[in-house]
There are 2 protein chains.
Amino acid sequence: MSLFEIRKMSAHLPDPAPRTGGPGSPCSACNVRHLTLCAALDDREVADMSAIVSSVELGPGEPLFDEAEPAKHVFNVTAGAIKIYKLLPDGRRQMTGFLFPGDFLGLANDETYAYSAEAVTFSTLCRFPRKLLEPLLERYPRMERRLLGMASHELAVAQEQMLLLGRKTAREKVASFLLMLSRRAVQRGQKDNPISVPMSRNDIGDFLGLTTETVSRTFTQLKQGGAIALQSNGKVELSDRAALEVISEGA
Amino acid sequence: MSLFEIRKMSAHLPDPAPRTGGPGSPCSACNVRHLTLCAALDDREVADMSAIVSSVELGPGEPLFDEAEPAKHVFNVTAGAIKIYKLLPDGRRQMTGFLFPGDFLGLANDETYAYSAEAVTFSTLCRFPRKLLEPLLERYPRMERRLLGMASHELAVAQEQMLLLGRKTAREKVASFLLMLSRRAVQRGQKDNPISVPMSRNDIGDFLGLTTETVSRTFTQLKQGGAIALQSNGKVELSDRAALEVISEGA
DNA sequence: CCCGGCCATTGATGTAGGTCAAGGACGCCT
DNA sequence: AGGCGTCCTTGACCTACATCAATGGCCGGG
């Protein structure tokens, strides 16, 4: 598949919208506001940053980095969708997250990445050398505060996901997933209905601890129950959000 | 159960040992080194801290705080074991972690706790008003750096747990759990074999996304396979660690 | 010393979701 | 236009784990 074609395919994706509220100024380096690392900086500081960040573009399915590989960079998603996952030796896979514009990845405690990352759709990212992160945080304490806030938010999200994986039924998992996608679309300033579901059934299954087949069956079951409607273009309409809310917390 | 009795019961628990290596000095306020918030401080700073921290003691099963309750404090575990969990409306429970001396809890993005916390054994904690955290971080940047490191470590642990919950079999889950307990015992400077398993089968089940019965059956299965031996005092001997390692990653 | 509650274990049975298999829709590539 | 690869869907069947139920050990209290 040519890069040109991929770009064309992705052309319908809305641009990341400017966020409303919150402190900080737009980041010219990565062209995303507020949810990003750079949102803690003012214009002059952003200009400094521009000198050391670079841009990355990935087509669907292209890897960004692999688990256990030396963690040379941190990234900020600026367009598209990224999946991050861990593997067992026999190939079983667990998605640990889907990342959208404004999301941050690559923060690692030790010298290697704790998970693999790969593009779902055509994506662009803002790349920053990890070596330079520590002095940067030293220099801009607001940035560190922001990073801590993001990490602690991620932690809460991870705990919610553990509840889902360990204790929810397939039906509850899928309903929760759709609502999560919808909420995150709103956060990014996109419309929340119908929602864009760019990842495959298999990816969704690996995120929810289910198989492709079970995800597919559950989608049709929710469709037949009138809670959702499947559109042809990879979009899902949440016809009855209240019903989904009820289902997601235990029918 | 009288408090005196509880203390007596817990008397055999080894004291948190000083850690070797790493920066920082002992924290007289919470009496734990290095793995704690205060480990980033020098002696004078620790003395400042002592004025605003207080101590909490909990007997087995006593709650520390509940999910969604206003997050007034952050805590540092100094002795015992704490379980943190989330509930579904119908009572299904997912443990999101077990915390031991040196572990930190209560960091919340918004104004309420994201999970409930409760003592497993008789425990003591060092308590700190959350309102005072932000100015403190302002004042001691090393502390913030440490906190960020801890949050990012927690995040990696959470992702590993997602892999376990979503993709491992009961056998793999239990083997992974025992190895995790063992590794954390080493980190705290305790002996790693036999390991202390203070929580009930039910608690373990809720941590691993299994039922009490399945946990119990899996323990006996591992015992019969010679990988472990169950001692009477709530301790488990890891007779064949290599076998457990193999099992934990997919028999 | 005996009683009662809690927890662990074990057995018998049920079931949600996995596995295996077969089409079908769609889009790309020639 | 036709062929092919990928993904989605659906059906038939299977199994790992849940559920339901009974028993026994341990410990604390009377």
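Protein chains get the first letters and strands the later ones, always in sequence-line order, with residue 1 at the start of each.
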Report task. Indicate, with a heavy-atom threshold strictly under 4.0 Å, whether A:Ser200 touches base, sugar-phosphate, or nothing. Result -> sugar-phosphate
Rounded off to whole Å, could you give me the [atom1]-to-[atom2] distance for the [X] and [N] pair?
X	N	atom1	atom2	value
A:Lys173	C:dG17	NZ	P	7 Å
A:Arg201	C:dG18	CZ	P	15 Å
A:Asn202	C:dT19	CG	P	12 Å
B:Gln221	C:dT10	CD	P	12 Å
B:Leu222	C:dT10	CG	P	13 Å
A:Phe219	D:dC8	CZ	P	9 Å
A:Gln231	D:dC8	CD	P	16 Å

Query raised in the report: Looking just at side-chain N and O atoms, do B:Tyr85 and B:Glu118 make a donor-acceptor pair shorter than 3.5 Å?
Result: yes
Report task. For D:dT10, take OP1 and OP2 only and decide whether either is under 4.0 Å from a side-chain N or O of A:Thr220. Result -> yes
Requested in this report: Answer yes when A:Arg184 and A:Asp192 have at least one side-chain N-carboxylate O distance shorter than 4.0 Å, and no when they do not.
Outcome: no
Per the ring pair (Phe, Tyr, Trp, His ring centres under 6.0 Å) rule, what does the pair list look like for [range], sequence neighbours excluded?
range	result
residues 232-251 of chain B	none
residues 219-251 of chain B	none
residues 228-251 of chain A	none

Query raised in the report: For DNA chain D, which residues in residues 223-230 of chain B have a heavy atom at a distance below 4.0 Å?
Result: none
Requested in this report: Report the residues that fulfil side chain to side chain donor-acceptor pair (under 3.5 Å) with B:Asn202, sequence neighbours left out, ordered by chain and then residue number.
Outcome: B:Thr212
Report task. Just jot down the side chain to side chain donor-acceptor pair (under 3.5 Å) partners of A:Lys83, sequence neighbours excluded, or say none. Result -> A:Asp203
Exercise answer: donor-acceptor pairs, residues 242-251 of chain A side-chain atoms, under 3.5 Å, sequence neighbours excluded:
from: A:Ser248; atom 1: OG; to: A:Leu244; atom 2: O; distance (Å): 3.4
from: A:Ser248; atom 1: OG; to: A:Glu245; atom 2: O; distance (Å): 2.8

**Report entry** Contacts of type side-chain contact (heavy atoms from CB on, under 4.5 Å), residue A:Ser54, not counting sequence neighbours
**Finding:** A:Arg127
Requested in this report: Kindly write out the residues that satisfy side-chain contact (heavy atoms from CB on, under 4.5 Å) with A:Ala119, not counting sequence neighbours, or none if the list is empty.
Outcome: A:Leu58, A:Ile82, A:Ser123
Side chains of residues 152-161 of chain A: which donor-acceptor pairs under 3.5 Å do they make with residues two or more places apart or in other chains?
from: A:Ser152; atom 1: OG; to: B:Asn109; atom 2: OD1; distance (Å): 3.4
from: A:Glu160; atom 1: OE1; to: B:Lys86; atom 2: NZ; distance (Å): 3.2
from: A:Gln161; atom 1: NE2; to: A:Phe207; atom 2: O; distance (Å): 3.1

Query - Degree of bending, the helix from C:dC1-D:dG30 to C:dT30-D:dA1 (end axes from five pairs; round to 10°) - result: 30°
Polar atom pairs (N or O), protein with nucleotides 15-20 of chain D, under 3.5 Å:
from: D:dC17; atom 1: OP1; to: B:Ala170; atom 2: N; distance (Å): 2.8
from: D:dA18; atom 1: OP1; to: B:Thr211; atom 2: N; distance (Å): 3.4
from: D:dA18; atom 1: OP2; to: B:Thr211; atom 2: N; distance (Å): 3.4
from: D:dA18; atom 1: OP2; to: B:Thr211; atom 2: OG1; distance (Å): 3.1
from: D:dA18; atom 1: OP2; to: B:Thr214; atom 2: OG1; distance (Å): 2.3
from: D:dT19; atom 1: O4; to: B:Arg217; atom 2: NH2; distance (Å): 2.7
from: D:dC20; atom 1: N4; to: B:Glu213; atom 2: OE2; distance (Å): 3.0

